[in-house]
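So that the names make sense, note that chain A is the first sequence line, chain B the second, and so on, each numbered from 1.
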There are 2 protein chains.
Amino acid sequence: MGVMNLLHTAGTAVDASCCVPSDKPVLGIEEAQRKALVFKALADPNRLRLLSIVKAEDSGESCVCDLTEPLDLGQPTVSHHLKILVEAGILHREKRGTWAYYSLVPGVMDDIAGILSAL
Amino acid sequence: MGVMNLLHTAGTAVDASCCVPSDKPVLGIEEAQRKALVFKALADPNRLRLLSIVKAEDSGESCVCDLTEPLDLGQPTVSHHLKILVEAGILHREKRGTWAYYSLVPGVMDDIAGILSAL
DNA sequence: CACCTATATCGATGAATGTCAATCTATGTG
DNA sequence: CACATAGATTGACATTCATCGATATAGGTG
């Protein structure tokens, strides 16, 4: 049996002539879904703007009242976006008295960069 | 006028008692939309898996036929995802003969990490 | 030119998502 | 306790999106 026969008829790859598929492990479905959650949280312009405000704050934290006005969105909508960012592990929420303060989870930007590198 | 009065009545912030809003520039709407496009492209499990396959390939590139099977998706769907990744500037497409080869745009992972840092 | 194959595009459909108005909860204050 | 305020939750609605089947395009081969 020659090489051509091996290439064209061996195993299950009858017509695999374009390139040799790698047998390296592919990112698993569940892991892909977990990682996609982080990027889903970043995949909205208003959520990026929220992050930019929190990040620019000298104190490192912002309350909802400071986040609602500059975005020109309703308060429930901002609350919704903040919840998504918290659930993605990007923002931290701390309630003090009547107000809720949001801050970046320490090192989270590096963590996300690491997800990209480790794809 | 005491400190309390200053805090509660000074300027236009009649009821701004939770915290002092930063006057730093917020990420602009258009820029936020542009940056969100990149994360939108990453916000799908199957697209992350596509990237992991392309990234793991020794040659640095994969053809569509090698990408369709491991994801258990139809060929039009894979083509659709690849288009989104190309339009986001993450993948590069090169057609050679009948086949289309996709490869990571050089340095794109660092670029995305830079978007995060510069939010 | 006729045919085959790899890939892209189109149209439809069901699911997920962003937004708002209304309401609920919890904290602070008279 | 009655009331006011900050923020979260709910339900509805319109839009976007992932997927598929069918079809179109383009390159290769006889």
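A:L116 is not listed as a side-chain neighbour of B:L51, based on a closest heavy-atom distance of 4.5 Å or more. Looking at A:V105 and A:L91, their side chains never come closer than 4.5 Å, going by heavy atoms from C-beta outward. Side-chain atoms of B:Y102 and B:L50, non-hydrogen and from C-beta on, never get closer than 4.5 Å to each other.
Axis angle across the helix from C:dC1-D:dG30 to C:dG30-D:dC1, with five pairs used at each end and values rounded to 10°: 20°.
Regarding B:W99, its CH2 atom lies at a distance of 13 Å from the P atom of D:dG27, rounded to whole Å. Straight-line distance from the CG atom of A:L37 to the P atom of C:dA16: 13 Å, rounded to whole Å. As a whole-Å value, the separation of A:L85 CG from D:dG7 P is 16 Å. Taking atom CG on A:L82 and atom P on C:dT17, their separation rounds to 17 Å, with Å as the unit. Here the P atom of nucleotide C:dG18 and the CZ atom of A:R49 are 16 Å apart, to the nearest Å. Counting to the nearest Å, the P atom of D:dA8 and the OH atom of A:Y101 are 13 Å from each other. Remark: P of C:dA6 and CG of B:L67 are 14 Å apart, rounded to the nearest angstrom.
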A:K35/A:E31 under salt bridge (Lys or Arg N to Asp or Glu O under 4.0 Å): CA gap, chis, key distance, verdict: CA-CA 6 Å; A:K35 293 182 176 180; A:E31 201 175 355; 3.5 Å; yes

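With hydrogens and angles disregarded, no donor-acceptor distance shorter than 3.5 Å links the side chain of B:K95 to the backbone of B:A100. Side chain of A:R49 to main chain of B:L27: a donor-acceptor pair is present (N/O by atom type, distance under 3.5 Å, no hydrogens or angles). Of the possible donor and acceptor atoms, one in the side chain of A:K55 sits under 3.5 Å from a partner among the backbone N and O of B:S117. A distance-only check finds no donor-acceptor pair linking the side chain of A:R93 to the backbone of A:K83 [under 3.5 Å].
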So if I define the base as every atom that isn't primed, P, OP1 or OP2, how would nucleotides 11-20 of chain D read as a B/S/- string at a heavy-atom cutoff under 4.0 Å? ------SSBB

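At D:dA8, none of the side-chain N or O atoms of A:K83 fall inside 4.0 Å of OP1 or OP2 (strictly under the cut-off). Here A:Y102 reaches the OP1 or OP2 of D:dA8: one of its side-chain N or O atoms lies under 4.0 Å away. Side-chain N/O atoms of A:K95 include none lying less than 4.0 angstrom from OP1 or OP2 on C:dT27.
With sequence neighbours excluded, no residue forms a salt bridge (charged side-chain N to carboxylate O under 4.0 Å, His left out) with B:E87.
Nucleic acid contact for A:R93: sugar-phosphate only, since backbone atoms but no base atoms lie under 4.0 Å from a heavy atom of the residue.
Two residues, B:V78 and A:R96, neighbour DNA chain C, and the one matched to the more 5' nucleotide by heavy-atom proximity is B:V78.
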